[in-house]
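Quick caveat: nothing in here was measured; it's all calculated off a predicted structure. Just follow the structure's listing: the first ligand is 1, and inside any ligand the first atom is 1.
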Amino acid sequence: MKIQAVHAYALRHALPEAEVFGSSKGWHAVRQALLVEIVTDDGLSGFGEAYGPPAVNRTLVDELYAPRLVGRDPLEHAVIWEDLYNTFRDYGRKGWPIAAISAVDIALWDLKGKALGQPVSKLLGGAFRTQIRAYATGLYRHRVEDNARALAREAEAYAAEGFGAMKMKVGFGLDEDLRNVRAVRQTIGAERLLAMDANHAYDAGQAIRLARKVEDCDLAWFEEPVVPEDLDGYCQVKAAARMPIAGGETEFTRWGFRDLCVRRAVDILQPDICGCGGFTEAWRIAALASASGLTVFPHVWGTAVGLFASLQLAAALPPNPPAMLPTELLFELDRTPNPLRDQLALNPPKRAGDRIDLPTGPGLGLEIDRRLLERYRA
Ligand code: CA
């Protein structure tokens, strides 16, 4: 089996005005991604996704990676990973180049699963769970006067849908954050898990002030309190806050995650399979986390390709720490508007309340709707 062709699809969907939502980074008005399809000479096809705006990733795949892939054996995912990384490492050890490798790597694992007739979770060693507990990622900033009230209503809807855990955005000023977190906690009651995510809107001092202000709201974690470059800041917040600290969605490769682990800068590591280097690298990062005693809750954001790939990875991550009733892995289920996530799969994952069934088909388990690749092509 040899790689015959590599196709890059830049997908883009502008949200209607009423669906635009905000984080501390700004308003989100576009959903976009780069998908990579790798086709073999015996007619198999595998899909992968790269995290981030697609224009640069498309160029990387078309101009630099595809010529190195055609003619190779797609089952040699680790050999190919090293080749792509080592060839271009001098120009990109984080960010886009690694996200583009991630897309290639995920497509290779999808292909491998299809060639062997097995889901990727089985290729990784087997599923520790065939139903995955999801938390709702939503509770972004609304374009209304009273965000606390709008967030409370949204949280109520997630609770009614059966979510026992959810994550909300902060990073809009300490007073506003406190008002919003209190409103959501009051609405969902004490039993449900609530996490907050600042998308690195604060420096360490302000993040610590926020953590102290919301202490009585029993938060499951505080995500990205400070910028990803500031590991000292992470450590400072972690030492001062009385809640677990999470981060890693914008970190890349085993080398980037090694520093987070060695410094114990977080309690919960959040690699994104579409950014950190694909299955090949996420699996190494999971081993680093295990050796460091850290929890891994994958970051998930993107299209159905990223969703299915993340489900395969999440199923195969061992419980940490092992116990008769281990702390359950929590899977990030993005609830913000995104047709690329909701419509691209002909076989969307089955969900009852907050339990998602692990897709059982070969590879990622995803049957992609090719008509949509054309409809949303940028
Ligand atoms: Ca986040």
Could you identify the N, O or S atom of E249 positioned closest to the Ca ion (ligand 1)? OE1
Measure the acute angle between the ring planes of Y376 and H13, then classify it against the limits of 30° and 60° as parallel, tilted or perpendicular. perpendicular
Side-chain contact test, heavy atoms from C-beta onward, threshold under 4.5 Å: evaluate it for C217 versus L194 and give yes or no. no
So is R284 actually on top of W81's ring, under 6.0 Å and inside 45° of the axis? yes
Can you tell me the N, O or S atom of E223 that's nearest the Ca ion (ligand 1)? OE2
Is the ring pair F279/W109 parallel, tilted or perpendicular, if the boundaries are 30 and 60 degrees? tilted
Has D197 got an N/O/S atom less than 3.0 Å from the Ca ion (ligand 1)? yes
